[in-house]
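Working notes, beginning with the structure itself.
The basis for the numbers below is simple: all heavy atoms, side chains too, and nothing from hydrogens, waters or symmetry mates. Just so we're on the same page: letters track the sequence lines, and every chain starts at 1.
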2 protein chains.
Amino acid sequence: MSGLAREDYLADIYRLQCENPHDPVSTGSVADRRGVTAASATAMFKRLARDHLILYRNYGGVSLTPEGEDLALGVVRRHRLVERFLADVLHIPWQQVDAYADQMEHALPDEVVDRMEALLENPYTCPHGYPIPDKHGHLSQPDLVLLRDLPVGEQVRVARVNERVPGLLRYVEDLGLMPGSLLEVSARNPVDLNVTIETGGRTHILGLRVSESIWVERTGSRG
Amino acid sequence: MSGLAREDYLADIYRLQCENPHDPVSTGSVADRRGVTAASATAMFKRLARDHLILYRNYGGVSLTPEGEDLALGVVRRHRLVERFLADVLHIPWQQVDAYADQMEHALPDEVVDRMEALLENPYTCPHGYPIPDKHGHLSQPDLVLLRDLPVGEQVRVARVNERVPGLLRYVEDLGLMPGSLLEVSARNPVDLNVTIETGGRTHILGLRVSESIWVERTGSRG
DNA sequence: AAAGAGTTTTAAGCGTGTCTAAAACGCTTG
DNA sequence: CAAGCGTTTTAGACACGCTTAAAACTCTTT
């Protein structure tokens, strides 16, 4: 009845859709993300399509139906609220909260999630800066820019750090670049695509893998 | 690999064993508690026995092996800590925390449970008064007496309320008999087995179903 | 000791979720 | 355009966990 893994699939399809809004979501990408074989993903797609939660055409990838997206948003909401909770209330390091939230998100009664939200005073984002959908599935999408694309000389605030790049969270924490931190790009290297930033009185040189995994919010002030 | 329902069965076997330490635990009692058919319980017993978590003889009931008891105690620990957490931190009414904890207890990583325990400052009991096993499975068993068996005239403290008697928690709360409350038995009716108690300046008459579901702790003082 | 009642186990089946191995497909390349 | 490669789907299998219905067992009662 409940369908434990179904929601995981839906949430992962949702996230993949967000990362790449143009293409449909491929069987392989979902299988990779979930750590299962493509055959397993295909089997699940058939069940989800049968229940009208996704659109699925053979060899053609999948997309969420409105109903499926509702469910997916609910999972994402629980996931990100739990992350906030783990970080803010239980003081668990932000490198670990994603994995723990994955484990916990299905078992939480709605009332528990709602109470957590109230206790946290209705946070807008998870600890990594991703927005938390509200009860109705609405989420605010602020205007963010990839650090990779930021022009030199503008002071900005770190808004979001990709939580799924291995080792990045630890690195970002060491550099003092957690969401909320202020920084300014002082130089860009057009050959190797490194960017040089100033933050908290220190200078760092970031490679492309880092600068394309951090989103910033313009503050309107120049450094 | 993980085995979701297995732990539920083990914990229920453990609880039934505690309630009735002499007899082995019957198939039917486990099936009833879990809300499944006896056939399902039998099937699970075979799997648990195969994995050396219980001892099982056809038509002869089951008992936990040391290994199975370890696992069961871990589940009970998680369950009761989560109950405390839901009640004390999220302020969820104590009538509901048992059901919610049932739903949550399997999905919680050990570190999350440990942090909850620290946040709660290592509580001894769940909100209903049942002891919380420590990390190594040890639990303190204080000297408790059923209210049913308490002599007249002794002042005692409520220690434990059976959380699985329908409606009892609500009733006990209305009467002000939550764990920690002081009371004294002022009269016993030997015919209908009612007991009359004084608590918080009020008098109540409790039937057998209530008095055999509340444990008290002697305080050594007379009322 | 045989009968009957209640409990427990077996038997057969279903849905979920996973796997491996083989077949089908689709896209790029010679 | 055909070959080949990577992706996707099918086919067959398995473990878990549940069901119903029928058979087996145990225990009590006459």
Heavy-atom closest contact (B:Gly68 atom, B:Leu10 atom, distance): O-CD1, 4.3 Å
Does the pair A:Arg80/A:Glu117 count as a salt bridge with the N-to-O cut at 4.0 Å? no
Please report the distance, rounded to the nearest Å, between CZ in B:Arg57 and C1' in C:dT7. 15 Å
Value in whole Å for how far the C1' atom of C:dT7 lies from CZ of B:Phe45: 13 Å
Per-nt protein contacts along nucleotides 17-26 of chain C (heavy atom under 4.0 Å; B base, S backbone sugar-phosphate only, - none) come out as BBBB---BS-
When rounded to whole Å, the CG to C1' distance for the pair B:Leu48 and D:dA15 reads 14 Å
In whole angstroms, how far is the P atom of D:dC18 from the CG atom of B:Asp32? 14 Å
I'd like to know if the side chain of B:Arg148 reaches the main chain of B:Glu212, judged simply by a donor and an acceptor atom lying under 3.5 Å from each other, with no hydrogens or angles considered. no
Using a strict 4.0 Å threshold on nitrogen-to-oxygen distance, state whether B:Asp51 and B:Arg47 make a salt bridge. no
Measure the distance from CG on B:Asp8 to C1' on D:dC18 and round it to the nearest whole Å. 14 Å
Between B:Arg50 and D:dC16, does any side-chain N or O lie under 4.0 Å from OP1 or OP2? yes
Are B:Glu121 and B:Arg84 close enough for a salt bridge, meaning some N to O gap below 4.0 Å? no
Ion pair check, A:Arg15 and A:Glu19, cut-off under 4.0 Å: no
Does A:Asp8 pair with A:Arg34 as a salt bridge, N-O distance under 4.0 Å? yes
Closest non-hydrogen atom pair, A:Leu144 against A:Glu217: CD2-CB, 4.1 Å
Rounded distance (Å) that lies between atom C1' of D:dC16 and atom CG of B:Leu10: 15 Å
Is A:Asp114 paired with A:Lys135 through a side-chain N to carboxylate O contact shorter than 4.0 Å? yes
Between A:Lys46 and D:dT10, is there a side-chain N or O to OP1/OP2 distance below 4.0 Å? yes
Note: contacts of residues 13-31 of chain A with DNA chain D (heavy atom, under 4.0 Å) are A:Ser26, A:Thr27, A:Gly28
